[in-house]
Amino acid sequence: MRLSQQQKDAIEYSGSPALVVAGAGAGKTRTLTAKIVQLVSKGYDPERILAITFTNKSANEMKGRLVHMAGLPLNRFPWVRTFHSACFRILKDHCSRLGYSSPLQIYAEYQQQKTVKEIISRLNFDKKYVPAVLAHISYAKNSGNPMAYFDRKPRVSHIRLSDVFDTYQKELRSRNALDFDDILLLTRNLLRDHKDLKKQYQRLFQFVLVDEYQDTNDLQEELTGLLLHDGNLFCVGDDWQAIYGFRGSNVNNFLSFAEKYHGAKIFRLEQNYRSADEIVQVANDLIGYNDDKMEKRCFSEKRGGVVDLHDFYDEREEARWVAGKIQALRDTGIAYDKMAVLYRTKFCSLSFEQAFRSAGLPYRMIGSKGFFERKEVLDINCYLTAAAFPKDDVAFERIVNVPKRGIGPAMLKKIGQVRSEDMGLQDATRKVLSEKILTPKVYSSLSQVLQCLDDIKDQKPDAAMHEVLSRFKYFDYLKQYSKADSMDYTSRVENIEQLIYSASQKETIVDYLEEAALVKEDKEDESEKSFGVNLSTVHASKGLEYLVVFVVACEEELFPHWKSKDSDTGLQEERRLMYVAVSRAERYLFLSCANFRKGQYNQRSRFLDEIAESLGL
């Protein structure tokens with residue numbers, strides 16, 4: 001592997017915690033991977049190296065590189081994981097210390113929403129508040145101190161968040177379940193409150209490495225400290241690309257690294273291997289307006305970059321111009337999928353979708369629904385969940401009438417009336433069947449569902465899926481659901497085929513469901529197999545690169561967003577977000593604004609003015 005002198009200096013250093021401050025396109029993941037290889041070559045046990053990434057995709061890519069570079073099999077790197085995956089491995093081994101039993105169930109997003117919706121309905125509040133309440137429960141858990149968070153933010157509308165939180169946690173606990181955010185919080189509690197476990201894992205991990213360190217939240221930072229032994233810590237990241245403050249990330253963990261870790265060494269990777277220098281210098285000058293940052297001066301040896309600014313009358317004129325420019329660039333030989341249109345807020349995509357359809361330009365949306373949130377995937381997974389976790393009412397409610405078999409809300413309410421305090425809906429259904437008080441049709445339908453769940457619970461997950469699909473003629477149901485849209489049906493069938501393949505890699509349903517729940521960290525786009533110009537929010541574009549980038553809708557109130565303009569901290573994060581957008585471009589960068597958007601007058605973004613100054617315009 002070819003490395004720059006800056007990369008070599010960082011990799012070869014030892015003796016105290018090290019932070020690698022890496023500019024965009026500077027090869028930070030390559031540096032982290034090379035550090036692991038260097039540790040193994042020096043005698044460190046690869047099975048005792050904890051390397052944290054922020055997505056499962058990144059973890060798998062890093063493992064692949066390590067296998068190639070270190071010449072060791074994949075199973076020698078068991079602790080190259082995300083924070084959630086590493087913590088869940090620890091948690092499930094010691095969950096009895098917290099009063100749980102094995103196997104633990106991780107609630108998926110769908111199950112969380114359904115549970116909180118029922119709690120809010122019981123409290124006689126509108127279900128429209130569910131997303132906001134769930135978001136605050138997540139923020140509270142990731143703060144590391146939920147009750148202190150609720151002291152600062154006690155309500156959403158008239159709903160007392162602590163009341164919903166207490167009821168929600170009680171319901172999770174009664175089902176031996178936890179949600180995605182509990183994985184970190186409970187692991188922190190384990191390591192903090194059980195000194196023997198903390199020492200056990202500190203002895204296990206000879207070295208801790210963290211990728212994308214600027215995106216850690218306070219809970220993840222605390223966990224890093226609890227697992228650290230003898231200062232053997234190596235972190236990489238770029239504070240200039242810290243754009244997740246809105247969901248709890250704290251860039252100050254990065255900025256205060258040298259103060260927190262005694263004798264810490266800071267390294268800088270400043271050469272950009274992605275973008276032309278003209279684009280890199282614009283990005284440098286833009287971020288220069290931020291006060292809170294680590295200083296570095298990025299550069300590129302590539303030349304010939306184009307940076308253009310454009311003002312338009314309205315969003316339709318802007319979108320038509322972008323469509324025309326894309327076609328002109330395509331005529332020079334640049335492929336559609338090497339081009340991207342980036343915007344701060346999702347609604348901005350509409351005018352571009354319309355213009356592209358009108359011009360006959362192929363396009364794809366990045367960052368749509370995650371794979372495991374799609375209807376057909378949820379349906380099949382809920383059958384397996386109901387089989388493995390009989391107390392999961394949310395999963396059972398979803399599948400009891402899918403495909404339709406005449407068991408509606410009224411029947412479920414009737415069944416619910418017979419259950420005792422800790423009895424799940426599935427057990428209540430068994431009780432009702434034993435009492436033979438149902439009509440023959442409903443009795444037969446419910447018996448078939450329960451028989452199927454009993455039959456599949458000990459099967460391998462892919463076999464269980466095949467059983468559900470054939471027994472209930474699910475593909476026939478799906479064809480009706482898709483109506484006359486054959487492409488929609490084909491896409492859904494392909495999703496199920498992918499699901500079965502994924503399930504076939506696991507031996508048990510519980511193992512498969514664990515992995516599916518942990519994949520929440522990766523938001524796959526809806527059109528991975530499609531081809532065309534990429535339409536994406538700036539947040540969803542992080543980590544990607546394109547030959548041509550259009551950053552559109554650069555107006556005050558939009559970019560920077562109106563919610564972020566009231567505080568210096570918020571404004572600096574918006575500027576970092578613009579830095580991320582600019583640094584996605586390799587060769588061509590076009591930035592634009594419109595005087596009128598949605599019929600309203602908008603002032604040009606201050607960020608365009610700052611870039612114009614950099615260009616001497």
Side-chain angles (χ1 to χ4, degrees), residues 92 95-96 98-123 130 164-180 182 378-402 405-438 442-459 461 464 467-468 471-472 508-514 516-517:
K92 67 181 183 178
C95 62
S96 60
L98 298 174
Y100 291 88
S101 58
S102 190
L104 286 168
Q105 181 181 5
I106 306 171
Y107 261 32
E109 217 165 298
Y110 167 76
Q111 292 158 305
Q112 290 175 254
Q113 289 169 353
K114 192 91 165 44
T115 304
V116 170
K117 188 184 293 183
E118 288 171 1
I119 293 168
I120 285 177
S121 295
R122 291 202 300 267
L123 294 170
V130 168
V164 178
F165 177 81
D166 289 343
T167 307
Y168 173 64
Q169 290 302 112
K170 199 176 290 182
E171 294 206 10
L172 285 176
R173 194 64 179 256
S174 72
R175 292 167 174 76
N176 198 52
L178 39 94
D179 67 18
F180 196 64
D182 283 327
L378 276 171
D379 286 348
I380 304 304
N381 276 353
C382 279
Y383 268 100
L384 270 63
T385 302
F389 300 102
K391 284 192 171 183
D392 189 330
D393 291 352
V394 174
F396 186 70
E397 274 188 51
R398 183 179 183 101
I399 57 98
V400 75
N401 201 37
V402 172
R405 47 178 74 94
I407 302 164
M411 177 54 64
L412 287 174
K413 190 174 181 181
K414 183 177 178 181
I415 293 170
Q417 288 169 349
V418 309
R419 62 180 175 179
S420 55
E421 189 175 332
D422 60 348
M423 181 185 282
L425 192 61
Q426 194 177 142
D427 283 340
T429 304
R430 294 179 191 276
K431 184 179 179 184
V432 167
L433 287 176
S434 69
E435 294 172 358
K436 299 186 177 177
I437 56 175
L438 302 170
V442 171
Y443 181 92
S444 172
S445 295
L446 285 173
S447 297
Q448 287 173 29
V449 172
L450 292 177
Q451 187 61 53
C452 179
L453 297 181
D454 290 341
D455 290 346
I456 69 173
K457 68 181 179 183
D458 295 321
Q459 291 181 358
E467 185 69 32
V468 169
R471 193 176 294 199
F472 297 119
T508 70
I509 289 177
V510 169
D511 286 345
Y512 161 71
L513 291 173
E514 278 178 13

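Source: prediction; values computed, not measured. Heavy atoms only: backbone and side chains are in, while hydrogens, waters and symmetry mates are out.
The structure places CD of E467 at 6.5 Å from CG of D455, a figure rounded to the nearest 0.5 Å. Here CG of L453 is found 5.0 Å from CD of Q426. Values are rounded to the nearest 0.5 Å. Atom-to-atom distance recorded for L438:CG and K414:NZ is 6.0 Å, nearest 0.5 angstrom. To the nearest 0.5 angstrom, I407 atom CD1 is 6.0 Å from N401 atom CG. Going from atom CD of Q169 over to atom OG of S174 covers 11.0 Å, rounded to the nearest 0.5 Å. Note that CG of L446 and CG of L412 are 8.5 Å apart. Values are rounded to the nearest 0.5 Å.
Counting only heavy atoms from C-beta outward, the side chains of D454 and R430 approach each other to under 4.5 Å. With contacts defined as side-chain heavy-atom distances shorter than 4.5 Å, the pair E109/F180 does not qualify. Looking at K391 and F396, their side chains never come closer than 4.5 Å, going by heavy atoms from C-beta outward. Q451 places a side-chain heavy atom less than 4.5 Å from the side chain of R471. Between Q105 and T385 there is a side-chain heavy-atom pair separated by less than 4.5 Å.
The heavy-atom pair separating A395 from C382 by the smallest distance is CB-O, 3.7 Å. Between L450 and T429, the shortest heavy-atom distance links the atoms CD1-CG2, 3.8 Å. Taking every heavy atom of both residues into account, G406 and V442 meet most closely at O-CG2, 4.3 Å. Nearest approach of V468 to I456, heavy atoms of both residues: CG2-CD1, 4.0 Å. D379 approaches I399 most closely through the heavy-atom pair O-CG2, 3.5 Å. When all heavy atoms are compared, the tightest approach of P103 to N176 is O-ND2, 3.1 Å.
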side-chain contact (heavy atoms from CB on, under 4.5 Å) for K92 and Y100? Distances and angles first, verdict last. CA-CA 9 Å; K92 67 181 183 178; Y100 291 88; over 6 Å; no
For R419 and L425, what are the C-alpha separation, side-chain angles and deciding distance, and is it a side-chain contact (heavy atoms from CB on, under 4.5 Å)? CA-CA 7 Å; R419 62 180 175 179; L425 192 61; 3.7 Å; yes
Quick one: do E171 and T167 satisfy side-chain hydrogen bond (donor to acceptor under 3.5 Å, both in side chains)? Show the steps, please. CA-CA 6 Å; E171 294 206 10; T167 307; over 6 Å; no
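At least one donor-acceptor pair under 3.5 Å links the side chain of Q111 to the backbone N or O of A108. Using modelled atom types, no side-chain atom of N381 and backbone atom of L513 make a donor-acceptor pair closer than 3.5 Å. D179 places no side-chain N or O within 3.5 Å of a backbone atom of I106 that could act as its donor or acceptor partner.
In this structure F165 satisfies the ring-ring contact (aromatic ring centres under 6.0 Å, His included) test together with F150, sequence neighbours excluded. Qualifying ring-ring contact (aromatic ring centres under 6.0 Å, His included) partners for F472, counting only residues two or more places apart in sequence or in other chains: Y383.
D393 and K114 are not joined by a salt bridge, as no carboxylate oxygen comes within less than 4.0 angstrom of a charged side-chain nitrogen. The pair E397-K117 does not meet the salt-bridge criterion, since no charged nitrogen lies less than 4.0 angstrom from a carboxylate oxygen.
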